[in-house]
**Q** 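I'd like to ask some things about the structure below.
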Amino acid sequence: MSDLKELRKEHPESWLLEYIDKCKSGEILIGNEMMLELDIHLALFEDSDIRFETEDAHKRIKFIETHCRHYEAPFAGKPFILTLRQKAFVEALYSFKIFDDELGRWVRLYQEALMMVSRKCGKTPFVAALILAEFFCGELGTKALCSSNDYDQAALMFDAINAMREESPALEKVTRKNIKGIFFGNPKKPKKRGKFSYQNKGNIKKISAKTGAKEGKNIKVGAADEVHELKDNSSVMPIRQALSTQDEPLYFEITTEGFTDSGYLDERLKEARQVLKGELLRRRWLIWLFTQDSEVEIWQDEKTWVKSNPDLGTIKKWSFLRQMVEEAKTNSATRAFVLAKDFNIKQAGGAAWLQDAEIINPATFKIEDFRGSYYIAGNDFAETTDLCASKLLLMKPGDPMVYFWSHYWIPEEKLKNSPDDADYEQWARDGYLTIVKGSSVDSSIVADWQWSLYQDFGLIPYKSGYDNRFAKDYLRRYEEYFGKDSETVNVPQDAKCLNNPMRRLESDMRHKLVNYNNRYGDFWCFRNMGIKPDNAERIQPCKLKTTHRIDGGAAAIDCYAVFEWYKSEFLKLIGG
């Protein structure tokens, strides 16, 4: 590998070499994956097929720092001064050249770039500034396309480009914007000819994964923002194909980690890491991954946070991240989101919801104590694959404690071939599980159980929450028992609906305000439950392991959802 000191003497104005030098010396702390990429750059200096020429890179750096201005607080109106790592990225992207036999000239080595960096580290404005620089500094007719999973996210980058264009009188004077995009030529001060006139047919537009007619485009620059949301490559491949006619195409992918299982980013990162390790050859792909080396270091040493937050203290606030980490220590939803978004640690399948110590509550009660009481039911139905679970949420006047009375059902055939480690026969002996003959559970049996509680203890349903799936037989039987005026409530099984009740249940569990009668079946379902956040930081339950069941936990969340919607009426009904 090339001697770094000698390279710096040979290229004294190189931002990339300065960045590598500071990373190698430990002055700048980076993760192992970023160090592997810098080693690849150093090796290129020894490659006789590669030239290192910084003119194109420095031209774009100068353009950004001269003409681009920030557009959002707290930096609005200030010049866009690039950080060292941003300048190093631009140099790495533009300065390595390779001879193209088909074109008969030297061209840019890198045609694609993947950058993964934590949230609020300026990745979208940075790439937006680069696209604007390429639009002005590149060749005549340069067309760029901003893309993301949805139109709003694609608009973020496009709007960033346009805001910087509007902030600069020099850029705005020779361009115009309409509903279709950004174009050269100013209708107020028209020029007949030249790069900055209507003669230049270049443009910048936006598109989303949901937009139709992505095929048939011809662009020089493409950018996909927040690719962690993409389930597959169906939205990015047309954009990459649209670059195929260009001599020197540019395709950016920028992202944080996310929560989409087996999505597009998972496959891209798998290949990217093979490239970094030398297991796969993709020499025209620039890979910059700002990642932690382990989760443990996050909790033990805050100095390591800069590995995934390279501009911490410059763009992103230390105080903000410290606050998020402290919250993550006691809030499972925050923990999952912080690990993925602030530290680029994938939360595969879901993050653990509660620890055993937070779930355990040895308190018990007798159902006789609630004779004649009203309750809210939560039901999680299943035909063949899972448990069927029903929970009654009971409360006493003036008592913040929530009491759960539960019952489970499982088909006999599934009991014989159960892939998990639960002792369902012991649950049955303990009296809170019924083994149903055959291979399925008819949901009407849940209504039978609730009717038996009315007959034996006078327990009256106020509302009964359910998931639409498999609920038809339950609803029919429930109406037969409790009348047509009895109220059942559909609880949609999505993060928008389940976020608040799941968070409240978590808080109550932590504060030992949930008495589930110390039933192991309930404990086991709660322990198996993970959380799956969406990009709005809303959560919903998921299985930590596909073979383990969470139906008792899901029924509890349904109870809390209905309780949240009808809290005042229910408390008034029970005399609270």
Side-chain angles (χ1 to χ4, degrees), residues 1-25 27-28 30 33-47 49-68 79-99 106-117 121-123 125-139 220-221 223 248-254 272 275-276 282-290 310-311 314-315:
M1 188 172 293
S2 298
D3 182 85
L4 193 51
K5 289 184 179 180
E6 292 301 317
L7 284 174
R8 292 208 63 184
K9 289 180 182 179
E10 186 178 348
H11 305 281
E13 296 181 354
S14 171
W15 301 110
L16 175 61
L17 289 173
E18 180 183 345
Y19 182 67
I20 295 175
D21 194 6
K22 290 185 176 181
C23 290
K24 289 289 185 181
S25 68
E27 182 178 343
I28 295 176
I30 59 174
E33 290 182 329
M34 192 63 220
M35 190 66 79
L36 290 174
E37 176 65 11
L38 298 185
D39 287 339
I40 290 174
H41 294 332
L42 285 178
L44 290 176
F45 285 94
E46 295 182 346
D47 192 329
D49 293 330
I50 301 296
R51 287 181 178 177
F52 184 73
E53 300 170 346
T54 60
E55 181 181 354
D56 290 340
H58 288 191
K59 180 179 181 180
R60 284 152 180 81
I61 291 171
K62 183 178 179 180
F63 173 89
I64 292 171
E65 296 194 330
T66 302
H67 295 289
C68 296
F80 200 126
I81 304 302
L82 298 174
T83 64
L84 177 58
R85 67 99 180 172
Q86 290 173 331
K87 291 178 181 178
F89 177 85
V90 178
E91 257 196 32
L93 181 63
Y94 280 96
S95 299
F96 293 108
K97 311 285 186 176
I98 190 170
F99 190 81
W106 291 85
V107 298
R108 213 181 339 97
L109 171 66
Y110 291 118
Q111 296 182 341
E112 298 185 12
L114 170 64
M115 179 188 293
M116 185 163 73
V117 64
C121 283
K123 58 184 180 298
F126 172 51
V127 173
L130 258 180
I131 293 174
L132 191 60
E134 187 60 33
F135 189 55
F136 275 88
C137 300
E139 61 189 326
K220 182 182 178 183
V221 184
E248 297 189 69
L250 260 179
Y251 174 62
F252 297 98
E253 289 179 333
I254 57 175
V275 173
L276 294 177
R282 293 283 193 277
R283 70 180 317 190
R284 310 206 73 166
W285 190 14
L286 179 64
I287 301 165
W288 278 46
L289 306 182
F290 291 98
D311 295 314
T314 303
I315 300 175

**Q** For E248 and Y94, test the side chains for any donor-to-acceptor distance below 3.5 angstrom and give the result as yes or no.
**A** no
**Q** When rounded to the nearest 0.5 angstrom, what is the spacing between CG in L82 and CD in E65?
**A** 4.5 Å
**Q** Would you say L114 and L286 make side-chain contact, with heavy atoms under 4.5 Å?
**A** no
**Q** So that I know where these two stand, are F89 and F126 an aromatic pair - ring centroids less than 6.0 Å apart?
**A** yes
**Q** Between T54 and E13, is any pair of side-chain heavy atoms under 4.5 Å apart?
**A** no
**Q** Starting from the C-alpha separation in whole Å, work towards a yes-or-no answer on side chain to side chain contact (heavy atoms under 4.5 Å, CB included) for V127 and E253.
**A** CA-CA 9 Å; V127 173; E253 289 179 333; over 6 Å; no
**Q** Between I61 and V90, what is the shortest heavy-atom contact and its length?
**A** CG1-CG1, 3.8 Å
**Q** Does some side-chain heavy atom of I30 sit less than 4.5 Å from a side-chain heavy atom of L38?
**A** yes
**Q** With side chain to side chain contact (heavy atoms under 4.5 Å, CB included) as the criterion, how do K97 and I50 come out once you've worked through the C-alpha distance, each side chain's angles and the decisive distance to 0.1 Å?
**A** CA-CA 6 Å; K97 311 285 186 176; I50 301 296; over 6 Å; no
**Q** Taking NZ, NE, NH1 and NH2 as the nitrogens, is one of them in R108 or D56 under 4.0 Å from a carboxylate oxygen of the other?
**A** no
**Q** Report the C-alpha separation of T83 and Q86 in whole Å, then their side-chain angles, then the decisive distance to 0.1 Å, and conclude whether the side chain to side chain contact (heavy atoms under 4.5 Å, CB included) test is met.
**A** CA-CA 5 Å; T83 64; Q86 290 173 331; 3.3 Å; yes
**Q** State the CD-CD1 distance between Q111 and I98, to the nearest 0.5 angstrom.
**A** 9.5 Å
**Q** Give me the ring orientation class for W288 and F290: parallel if the planes are under 30° apart, tilted from 30 to 60°, perpendicular past 60°.
**A** perpendicular
**Q** Looking at residues at least two apart in the chain, or sitting in another chain, which of them share a ring-ring contact (aromatic ring centres under 6.0 Å, His included) with F252?
**A** none
**Q** So do E91 and K87 actually touch side chain to side chain, heavy atoms under 4.5 Å?
**A** no
**Q** If you look at every heavy atom in G122 and I315, which pair is closest and at what distance?
**A** N-CG2, 4.3 Å
**Q** Kindly compute the distance separating CG (L93) from CG (L130), expressed to the nearest 0.5 Å.
**A** 7.0 Å
**Q** Going through the distances and angles, do L17 and L42 end up as a side chain to side chain contact (heavy atoms under 4.5 Å, CB included)?
**A** CA-CA 9 Å; L17 289 173; L42 285 178; 4.3 Å; yes
**Q** Is D311 salt-bridged to K123, going by a charged N under 4.0 Å from an acidic O?
**A** no
**Q** Flag the pair L44 / L109 as yes when at least one side-chain heavy-atom distance between them is below 4.5 Å, and no otherwise.
**A** yes
**Q** Looking at side-chain heavy atoms only, is the closest gap between L16 and S95 below 4.5 Å?
**A** no
**Q** Going from CD1 on I254 to SG on C121, what distance comes out if it is rounded to the nearest 0.5 angstrom?
**A** 12.0 Å
**Q** Quick one: pull up CG in L276 and CE in M35 and give me the separation to the nearest 0.5 Å.
**A** 12.5 Å
**Q** Between E46 (side chain only) and A43 (backbone N and O only), is there a donor and an acceptor less than 3.5 Å apart?
**A** no
**Q** Between F80 and A129, what is the shortest heavy-atom contact and its length?
**A** CE1-CB, 4.1 Å
**Q** Salt bridge or not for K24 and D39, using N-O below 4.0 Å?
**A** yes
**Q** Quick one: does E53's side chain get under 4.5 Å of E55's, heavy atoms only?
**A** no
**Q** Less than 6.0 angstrom separating the ring centers of F45 and F96, yes or no?
**A** yes
**Q** Between S14 and F52, which heavy-atom pair has the shortest distance, and what is it?
**A** OG-CZ, 3.8 Å
**Q** Do R284 and E112 meet the salt-bridge criterion of a basic N to acidic O distance under 4.0 Å?
**A** no
**Q** What's the spacing between M115 CE and L289 CG if we round to 0.5 Å?
**A** 10.0 Å
**Q** Taking the side chain as C-beta and beyond, is there a heavy-atom pair between D49 and F99 under 4.5 Å?
**A** no
